Enquirer: 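Sending over a structure as structure tokens; questions will come in a sec.
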Number of protein chains: 2
Amino acid sequence: MTDTDELLSIRAAELYYEENKTQDEIGTVLRLTRWKVGRLLAQAKASGFIRIEIVHPRARRLSIERRLRETTQLTDAIVVSSAGVSTDEELQSRTAQAAADYLTGLRPVPRTLGISWGRTLHEVSLHLAQGWASGVNVVQINGGVSLNRRAGTAAATAVTIAHKASGAATLLPSPAILERLDTKTAIEADRSVAAVLNLGAAASAYLFSAGQADQNSALVDSGYLTAEQVAELVRKGAVGDIVGRYIDSNGNIVDPELNGRTVGIQLEALRHAKTAIAVITGGSKHSIARAVVGSGLCTVLVTDEDTALAILGENA
Amino acid sequence: MTDTDELLSIRAAELYYEENKTQDEIGTVLRLTRWKVGRLLAQAKASGFIRIEIVHPRARRLSIERRLRETTQLTDAIVVSSAGVSTDEELQSRTAQAAADYLTGLRPVPRTLGISWGRTLHEVSLHLAQGWASGVNVVQINGGVSLNRRAGTAAATAVTIAHKASGAATLLPSPAILERLDTKTAIEADRSVAAVLNLGAAASAYLFSAGQADQNSALVDSGYLTAEQVAELVRKGAVGDIVGRYIDSNGNIVDPELNGRTVGIQLEALRHAKTAIAVITGGSKHSIARAVVGSGLCTVLVTDEDTALAILGENA
DNA sequence: GGTCATGTTGCTCATCTGCGCATTCGAGCA
DNA sequence: TGCTCGAATGCGCAGATGAGCAACATGACC
């Protein structure tokens, strides 16, 4: 009996959704009353047989966003749909676009925006429209002078975001990580660096990404750390880094000594910020995303569907 | 302008389909009139941004079936959905189920059903319900005594279908292909074989599958042909076989000599039959499916979504 | 500036659809 | 057999929706 009904509900759904016939017409074809048809369709939906996807680069998953807001301390969450996405690049592009959109719509418009650097942030900067805001000053919040070609990218990211908002960019003239603690202390004490750090610590909003803890990390790529050092960090529980600082799944600093040699604002500044927007996407960043959200390092998360589900614990 | 509208239509679609809000509510949220929202949703659908799939083993693609009926000579077409299918086995099972369903609902109920043999047909026999009809006699229409363990399967298929319909099965006691023409002529002349062939030629309906022309063909597997012989047939234009007879993309016999040594009803019998149901599924059978449908070898086709689209020429 | 063609907007109305309630059906049981 | 109760069914109604239409804006061209 239930078996027959299930089959009927599929037939009804085909006629309703594919052939868009009216419930009454379907009733005539299947020799049922239109009320029965309505109930069969409701049943089909309830059983999850009907899958509706919005296939578009700008599509979002509102239901997942809502669940994220409800089950975490996030004040806002943006989850881009991964429907119809085949490559990782495409997903990154979608997420960056969403971050740019969010930033554009952000109210109040931040006077000073603190940003990190990396591939993700760079892509966000490219997706921002010219004139996305007016008079937003951008300040780097972690060491941005890298040891290779990425240097240009880091600076370009800040400059682009500022330029498109008719604002000024303030770069942090320091390496991300120094080899010796006293060098780091010295550079931090330097007026030009200290001023930027103070500006960063007082920013009205933050926009940053996260790096996964493996040999593909941007910090390894930039030459600040070796693959072995990262492996050692993983052994100590690291899941990834935020503004250059490696944290474990609870959001705690993994290696205080290394952290001491890292130049940039403290994680506490992010934790207490009114607006801290994290942009994290990709399968390799599920753990770090979970850590960031779980330990309150951001107030807003922009991410993709799969990462969001991982944070909600809905796919192992 | 159109760009903004497109984005709005996506936002509207999210609220409508994911959050199932009413168009009026969406209007309030997005500051639009409800008519505008309705138009945006219509636009989103028309642009193909909204994808509705029915995820169920018994789901069919009615729109594709209709197009098949319209653009070919088929009197009926059954196309199973491949939504949510991960393995080829699953697709074969779905198609076999659909064929069993179609056979069960076939009117008038055939008094005599001519069948071929093979993996597909066997699976159809398993999916038929006990008592799917009453008093249907089954007759094999091509050589069924194979050279190895498949023999049992071929016979079992016929017997199962007949048994479940309280009918009798008539087996064709002959190899599919003989090595010498005169042996074939002799065996065909034998009363026991001739009687079965006559019965088959007079069947009120046919149910058969098709084999692709490669080394995985059932005829190779059964030992009737070698991989080399099949390769040679392909060189001559063969795309697959129907009841043991290899045809090219126009539905013509590829090798008359080989065809002369093949035991079973002629293709003409299928072409002139009132009801000839072909069950063809899987990526490797797109060409043979196209040939069968294109050359009028069946009146009814049971297949999967991808094969159907290939026949319609909608995916290269 | 005037005129026309085109596309957009707001609206009415007929239709479609989901919800709540009364009725009926049918299995289980005395 | 007759009874009881829960589930399935049929239905009225109000809210939601799509089609068609008139008014209006827009912009091209004379």
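All of these numbers come straight from a predicted model, not from anything done at the bench. Here is how names work: the chains are called A, B, and so on, in the same order as the sequence lines, proteins then strands, and each is numbered from 1.
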Enquirer: Expressed as a whole number of angstroms, how long is the span from Leu40(B):CG to dT9(C):C1'?
Expert: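 My rounded result for the distance is 12 Å.
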Enquirer: Taking any atom under 4.0 angstrom from a heavy atom of chain A, which nucleotides of DNA chain D are the first and last to qualify, 5' to 3'?
Expert: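 Footprint of chain A along DNA chain D, 5' to 3': dT9(D) to dG12(D).
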Enquirer: Calculate the interatomic distance between Glu25(A) atom CD and dT15(C) atom P; express it in whole Å.
Expert: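 Rounded to whole Å, this separation is 13 Å.
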Enquirer: Between C1' on dT24(C) and CH2 on Trp35(A), what's the gap in Å once rounded to a whole number?
Expert: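 Computing the Trp35(A):CH2 to dT24(C):C1' distance gives 15 Å.
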Enquirer: From NZ of Lys45(A) over to C1' of dG18(C), roughly how many Å is that when rounded to an integer?
Expert: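 In whole Å, dG18(C) C1' lies 10 Å from Lys45(A) NZ.
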Enquirer: From the options dC16(C), dG18(C), dT12(C), select the nucleotide whose nearest atom is closest to the side chain of Arg34(B).
Expert: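 When the side chain of Arg34(B) is considered, dT12(C) is the closest of dC16(C), dG18(C), dT12(C).
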Enquirer: State plainly whether the residues Lys36(A) and Asp5(A) are in salt-bridge range, i.e. N to O under 4.0 Å.
Expert: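 Yes, Lys36(A) and Asp5(A) are salt-bridged.
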Enquirer: Rounding to an integer number of Å, can you tell me how far Leu41(A) CG sits from dC16(C) P?
Expert: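 Checked: the CG to P distance equals 15 Å.
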Enquirer: Measure the CD1-CZ distance between Ile78(B) and Arg60(B) for me, rounded to the nearest 0.5 Å.
Expert: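 Here the interatomic distance stands at 4.0 Å.
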Enquirer: Counting N and O atoms only, with roles assigned by atom type, does the side chain of Asp304(B) sit under 3.5 Å from a partner on the main chain of Val80(B), one being a donor and the other an acceptor?
Expert: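 No: the side chain of Asp304(B) does not pair with the backbone of Val80(B).
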Enquirer: Any idea which of dC13(C), dG20(C), dG10(C) is nearest the Arg39(A) side chain?
Expert: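 Comparing dC13(C), dG20(C), dG10(C) against the side chain of Arg39(A), the answer is dG20(C).
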Enquirer: Specify the separation, in whole Å, of atom CG of Leu15(A) and atom P of dT17(C).
Expert: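 Spelled out: CG on Leu15(A) to P on dT17(C) is 13 Å.
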Enquirer: Looking at dT15(C), I'd like to know if its phosphate oxygens (OP1 or OP2) sit under 4.0 Å from a side-chain N or O belonging to Thr22(A).
Expert: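 So the side chain of Thr22(A) is outside the cut-off, no N or O lying under 4.0 Å from OP1 or OP2 of dT15(C).
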Enquirer: Using a distance-only test with no angle check, is there a side-chain donor-acceptor pair under 3.5 angstrom linking Ser125(A) and Thr160(A)?
Expert: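 No - no donor-acceptor pair under 3.5 Å links their side chains.
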Enquirer: Between Arg67(B) and Glu70(B) (salt bridge meaning N to carboxylate O under 4.0 Å), is one present in this structure?
Expert: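 A salt bridge is absent here (no side-chain N lies under 4.0 Å from a carboxylate O).
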Enquirer: So how far is it from Leu41(B) CG to Arg39(B) CZ, rounded to the nearest 0.5 Å?
Expert: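 Nearest 0.5 Å value for the CG-CZ distance: 12.0 Å.
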